[in-house]
Novice: 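Structure incoming, see below.
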Amino acid sequence: MTIVATGLTRRFGGLTAVDGLTLSVAPGELFGLVGSDGAGKSTTIRMLTGVMDPSAGEARVLGCPCRDLEPVRGEIGYMSQRFGLYPDLTVAENIRFYADIFGVARRDRLERTEHLLAFSNLVPFRDRKAANLSGGMKQKLGLACALIHTPKALFLDEPTNGVDPVSRRDFWRILYGLLREGVTIFVATAYLDEADRCHRVGLIHKGRLLACDKPSALRRLAGGSVLELVTPDARAASLMLRQQRPDLTVSLFGDRLHLTGDTKALSDHELRELFRQARMELQALERVEPSLEDVFVSMIGGEDGQRQPSPVTTAPVPPPGKDAEEQAVSVRGLTRRFGDFIAVNAIDLEVSRGEIFGFLGPNGAGKSTTIRMLCGILEPSAGEGRVAGCDIMRQPEQIKTRIGYMSQKFSLYEDLTVEENIAFYGGIYRIPPKKLAQRAEWVITMAGLEERRRSKAGELSGGLKQRLALGCAMLHEPPVIFLDEPTSGVDPISRRAFWDLINRLAAGGVTVFVTTHYMDEAEYCDRLAMIYRGELVALGSPTQLKRGHMAEEVLEAACERPQDFLVELERLPGVRHAALFGRGAHVVTEDSVATETALAASPMAGQVRLRRVLPSLEDVFVSLIEARNRAEGASRLQRETP
């Protein structure tokens, strides 16, 4: 075995972070570790890589005890959540530094460096210092540094947090390439669809391993089948079903709903009648195998007492500002330049009061720069408009008092307690003491922190930090709130609770402007804007984007181990690309008839089944970016041709 852990335990004072963990990983295996925030995933990886000694138990990697891995250090790759980058070095210099550490031969490093820069879309930024990269770009650079050599054992701690869907797809292609070379991979992830691609998955909670098996075996732990519904307004439908059938658990998955519980007592006719009475469209209804997220929620959500309703969904919502305008955000020609570089190029946007508006785009596309201009933090180079009733060019300081802003890093002071953080932000917003006391209780109730009010923020799990940060941003009851990738790296249960809160804020008239890399979360927005290289490339509701912004057709490929068929699927006539999606794959084709005919005559015929489906938002996202790249490539070629 490449990795063996027996009774592995780690204590921090009175807290047991990892409790008697026993597992093994075979050579060439892809092993996934999933769990709630603070479950012990990162601590486990740190012990296995020798960064931290265990309090009890033992572990061996590549035959060496983890307390002394020096003999095999050069054969182990490790990417932590904190990147391990050198901020004063450029992108290229960071990669070169890690190539030197791992002794990568010069004849190999140049080709590998160019490949990694291309996969991560960091080629234009190779001479930019790491300190000046966005959070997502830093994440991708960390990946490149971890993969500059080919280790025998690779440890990845939530490697795709904050990474856009295009780069996630490319990253997993690289992982499968490493598997073909015999590399053993141990990955902790918050994406349950990624866990489904692993050979085996361990489910850890409060330091204990609850289950460990193949994904197909774990799915049986959810107990029975799941009733899956497809509807264009899944958010409203979920609220309706929770009211009409409180005996069932309703889970949102983008434009799909999963019903679990005693669904056998619920007939298809009864469901269709509920939708008819509510005047909602029900596009599809079928019983499906549980997903790993269903398993996660059933095993961990139930233990934590986080089934609906949660503390978040029953908390009071602050009223919007009395003088809130109908258009919360309205800008024309919004532009930002950094020297010769145009980060945001003449964007036009309007966001209505009480709307949940999603902002999507690859890392480095200009999302965070746009938000900083709208928040009055960064001065626009050109353009005009208003945010929360204030002029973006002439009243940036007034904007700051009338909005809430939650950045990617939560903006909390980790050495301060929950109550001290709230008091600090109350002072910034100059909230009178009596009013602040009321608002502080609202934040603590909303975040479910009644028992942790005197805990330091640094001791909280990611999900609790997230809700505390949102509460601090909402202390002064702003009519508009900006959320910059607020759920990155947060477990599925905390993400669901967070979006329940966002929905209630919007229902109370608060405008929510949110960026996200989770395409299922983007489905919950009223409207979406897609930005690429500083330009707005699409705008509309999720349904409008899926039905009107993609020229190609999408075929869903159902098969065992779809990753083994991606290359062959892409060789079929008409296919532009194929990518993993859920437990199967999505095949994007310009000619579905030719593709299906060719598959029927290929060796894959008995192993892969194709059916036409509506594009997902991820399909649209990737298609728009690739179309723009092709257009720019053709334009560049035309200019260069004499």
Novice: Does D391 use its side chain to pair, donor to acceptor, with the backbone of R386 at less than 3.5 Å?
Specialist: no

Novice: What are the two closest heavy atoms between M446 and G471, and how far apart are they?
Specialist: CE-CA, 3.4 Å

Novice: Taking only residues two or more places apart in sequence or in another chain, which ones pass ring-ring contact (aromatic ring centres under 6.0 Å, His included) with Y518?
Specialist: Y191

Novice: Once rounded to the nearest 0.5 Å, what's the spacing between atom CD1 of I481 and atom CD1 of I356?
Specialist: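 CD1 of I356 is found 11.5 Å from CD1 of I481.
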
Novice: My understanding is that only residues two or more places apart in sequence, or in another chain, count here; which of them pass ring-ring contact (aromatic ring centres under 6.0 Å, His included) with H476?
Specialist: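 H476 satisfies ring-ring contact (aromatic ring centres under 6.0 Å, His included) with Y429 only.
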
Novice: Assess the side chains of D157 and S80: does a donor N or O sit below 3.5 Å from an acceptor N or O?
Specialist: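 The answer is no; no qualifying pair exists.
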
Novice: Please name all residues satisfying side chain to side chain donor-acceptor pair (under 3.5 Å) with E521, sequence neighbours left out, ordered by chain then number.
Specialist: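 Testing E521 for side chain to side chain donor-acceptor pair (under 3.5 Å), a comparison that skips the adjacent residues, returns T487, R495, W499, T516.
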
Novice: Does some side-chain heavy atom of L475 sit less than 4.5 Å from a side-chain heavy atom of V443?
Specialist: yes

Novice: Between the side chains of R467 and D500, is the shortest nitrogen-to-carboxylate-oxygen separation below 4.0 Å, so that they form an ion pair?
Specialist: no

Novice: If you round to the nearest 0.5 Å, how far is CG of L156 from CG of L175?
Specialist: 6.0 Å

Novice: Under the ring-ring contact (aromatic ring centres under 6.0 Å, His included) definition, can you give me all pairs with a residue in residues 338-381, not counting sequence neighbours?
Specialist: F357-F513, F359-F513

Novice: Just to verify, what does F102 make a ring-ring contact (aromatic ring centres under 6.0 Å, His included) with, not counting sequence neighbours?
Specialist: H149

Novice: Are H517 and D164 linked by a side-chain donor-acceptor pair shorter than 3.5 Å?
Specialist: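 There is no such pair between these side chains.
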
Novice: Taking it one step at a time, do D526 and R353 satisfy salt bridge (charged side-chain N to carboxylate O under 4.0 Å, His left out)?
Specialist: CA-CA 12 Å; D526 299 310; R353 177 175 174 268; over 6 Å; no

Novice: In Å, rounded to the nearest 0.5 Å, how long is the span from CG of L617 to CE of M550?
Specialist: 11.0 Å

Novice: Who passes side chain to side chain donor-acceptor pair (under 3.5 Å) against K435, sequence neighbours left out?
Specialist: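 Checked K435 against side chain to side chain donor-acceptor pair (under 3.5 Å); matches are E477.
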
Novice: Which value, rounded to the nearest 0.5 Å, describes the distance between K400 atom NZ and C375 atom SG?
Specialist: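 With rounding to 0.5 Å, NZ (K400) is 9.5 Å from SG (C375).
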
Novice: Going by side-chain contact (heavy atoms from CB on, under 4.5 Å), name the residues that satisfy it together with P232, two or more places apart in sequence or in a different chain.
Specialist: E281, Q283, T543

Novice: Check each of I95, I101, N94 against F97 using the side-chain contact (heavy atoms from CB on, under 4.5 Å) test, and report the only one that passes.
Specialist: I101

Novice: Ignoring hydrogens, what is the shortest heavy-atom contact between L122 and K140? Give both atom names and the distance.
Specialist: CD1-C, 4.3 Å

Novice: Within the 4.5 Å heavy-atom criterion, are L349 and L334 side-chain neighbours or not?
Specialist: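 They are not in contact (no side-chain heavy atoms under 4.5 Å apart), so the answer is no.
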
Novice: Does the distance from a Lys or Arg side-chain N to an Asp or Glu carboxylate O, for E420 and K456, drop under 4.0 Å?
Specialist: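 Judged by the 4.0 Å cut-off on N to carboxylate O distance, E420 and K456 do not form a salt bridge.
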
Novice: Verify side chain to side chain contact (heavy atoms under 4.5 Å, CB included) between V480 and V510, making sure each step is shown before the conclusion.
Specialist: CA-CA 6 Å; V480 184; V510 177; over 6 Å; no

Novice: Please list, chain by chain and in numerical order, all residues satisfying side chain to side chain donor-acceptor pair (under 3.5 Å) with T90, sequence neighbours excluded.
Specialist: E93

Novice: Quick one: do F482 and V387 satisfy side chain to side chain contact (heavy atoms under 4.5 Å, CB included)? Show the steps, please.
Specialist: CA-CA 11 Å; F482 292 88; V387 174; 4.1 Å; yes

Novice: For H549, what residues pass the ring-ring contact (aromatic ring centres under 6.0 Å, His included) criterion, not counting sequence neighbours?
Specialist: none

Novice: State, yes or no, whether a side-chain contact exists between L147 and L154 at a heavy-atom distance under 4.5 Å.
Specialist: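 They are in side-chain contact.
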
Novice: What residues form a side chain to side chain donor-acceptor pair (under 3.5 Å) with D348, not counting sequence neighbours?
Specialist: none

Novice: Could you tell me if the side chain of L117 sits less than 4.5 Å from the side chain of R126, heavy atoms only?
Specialist: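 Yes, at least one pair of side-chain atoms sits under 4.5 Å.
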
Novice: Using side-chain heavy atoms (C-beta onward) and a distance below 4.5 Å, is S623 in contact with V588?
Specialist: no

Novice: Minimum heavy-atom separation for P362 to F621, with atom names?
Specialist: N-CZ, 3.6 Å

Novice: Could you give all pairs that pass the side chain to side chain donor-acceptor pair (under 3.5 Å) test and reach residues 332-341, with sequence neighbours left out?
Specialist: R332-E350

Novice: Taking atom types as modelled, is there a side-chain donor on H577 or E626 under 3.5 Å from an acceptor on the other?
Specialist: yes

Novice: What pairs meet the ring-ring contact (aromatic ring centres under 6.0 Å, His included) rule with one or both residues in residues 361-403, with sequence neighbours excluded?
Specialist: none

Novice: State, yes or no, whether a side-chain contact exists between I45 and S42 at a heavy-atom distance under 4.5 Å.
Specialist: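 No. Closest side-chain heavy atoms not under 4.5 Å.
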
Novice: For the pair S541 (side chain) and Q544 (backbone), establish whether a donor and an acceptor sit closer than 3.5 Å, ignoring hydrogens and angles.
Specialist: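 Judged by distance alone, yes, a pair lies under 3.5 Å.
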
Novice: Does a side-chain N-to-carboxylate-O contact under 4.0 Å join R527 and E355?
Specialist: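 The answer is yes: the pair qualifies as a salt bridge.
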
Novice: Less than 4.0 angstrom from a charged side-chain N to a carboxylate O is my criterion; do D484 and R372 meet it?
Specialist: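 Looking at D484 and R372, the cut-off is not met.
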
Novice: Nearest 0.5 Å, what's the CZ-CG distance between R128 and L141?
Specialist: 12.0 Å

Novice: In the structure I gave you, are the side-chain heavy atoms of K367 and I531 within less than 4.5 Å of one another anywhere?
Specialist: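 Yes. Closest side-chain heavy atoms under 4.5 Å.
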
Novice: Keeping N345 on the side-chain end and E535 on the backbone end, is there a donor-acceptor pair under 3.5 Å?
Specialist: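 Not a single qualifying donor-acceptor pair exists.
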
Novice: Is any side-chain heavy atom of K138 less than 4.5 Å from a side-chain heavy atom of L85?
Specialist: yes

Novice: Please walk me through it: do M530 and L536 pass side chain to side chain contact (heavy atoms under 4.5 Å, CB included)?
Specialist: CA-CA 6 Å; M530 289 193 180; L536 214 59; over 6 Å; no

Novice: For residues L464 and A447, report the shortest heavy-atom separation together with the two atoms involved.
Specialist: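 Looking at all heavy atoms of both residues, the shortest contact is CD2-O, 3.6 Å.
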
Novice: Walk me through whether V331 and M373 qualify under side chain to side chain contact (heavy atoms under 4.5 Å, CB included).
Specialist: CA-CA 11 Å; V331 294; M373 287 190 287; over 6 Å; no

Novice: How far does OG1 of T160 sit from CE of M79, to the nearest 0.5 angstrom?
Specialist: 8.5 Å

Novice: With no hydrogens and no angle check, do the side chains of E194 and T189 hold a donor and an acceptor under 3.5 Å apart?
Specialist: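 The answer is yes; a qualifying pair exists.
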
Novice: Give a yes or no on whether a salt bridge exists between R197 and D193, defined as a side-chain N under 4.0 angstrom from a carboxylate O.
Specialist: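 A salt bridge is present here (some side-chain N lies under 4.0 Å from a carboxylate O).
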
Novice: Quick one: does any side-chain atom of T401 pair with a main-chain N or O of Q398 as donor and acceptor, under 3.5 Å?
Specialist: yes

Novice: Under a 4.0 Å threshold between the charged nitrogen and the carboxylate oxygen, would E570 count as salt-bridged to R576?
Specialist: no

Novice: Tell me which one of M519, R547, E523 satisfies side-chain contact (heavy atoms from CB on, under 4.5 Å) with P542.
Specialist: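 Among M519, R547, E523, the one meeting side-chain contact (heavy atoms from CB on, under 4.5 Å) with P542 is E523.
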
Novice: Nearest heavy-atom pair of C145 and I148: which atoms, and what distance?
Specialist: O-CG2, 3.2 Å

Novice: So which atom in A457 and which in K465 form the shortest heavy-atom distance, rounded to 0.1 Å?
Specialist: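 What the structure gives for the nearest pair is O-CE, 3.2 Å.
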
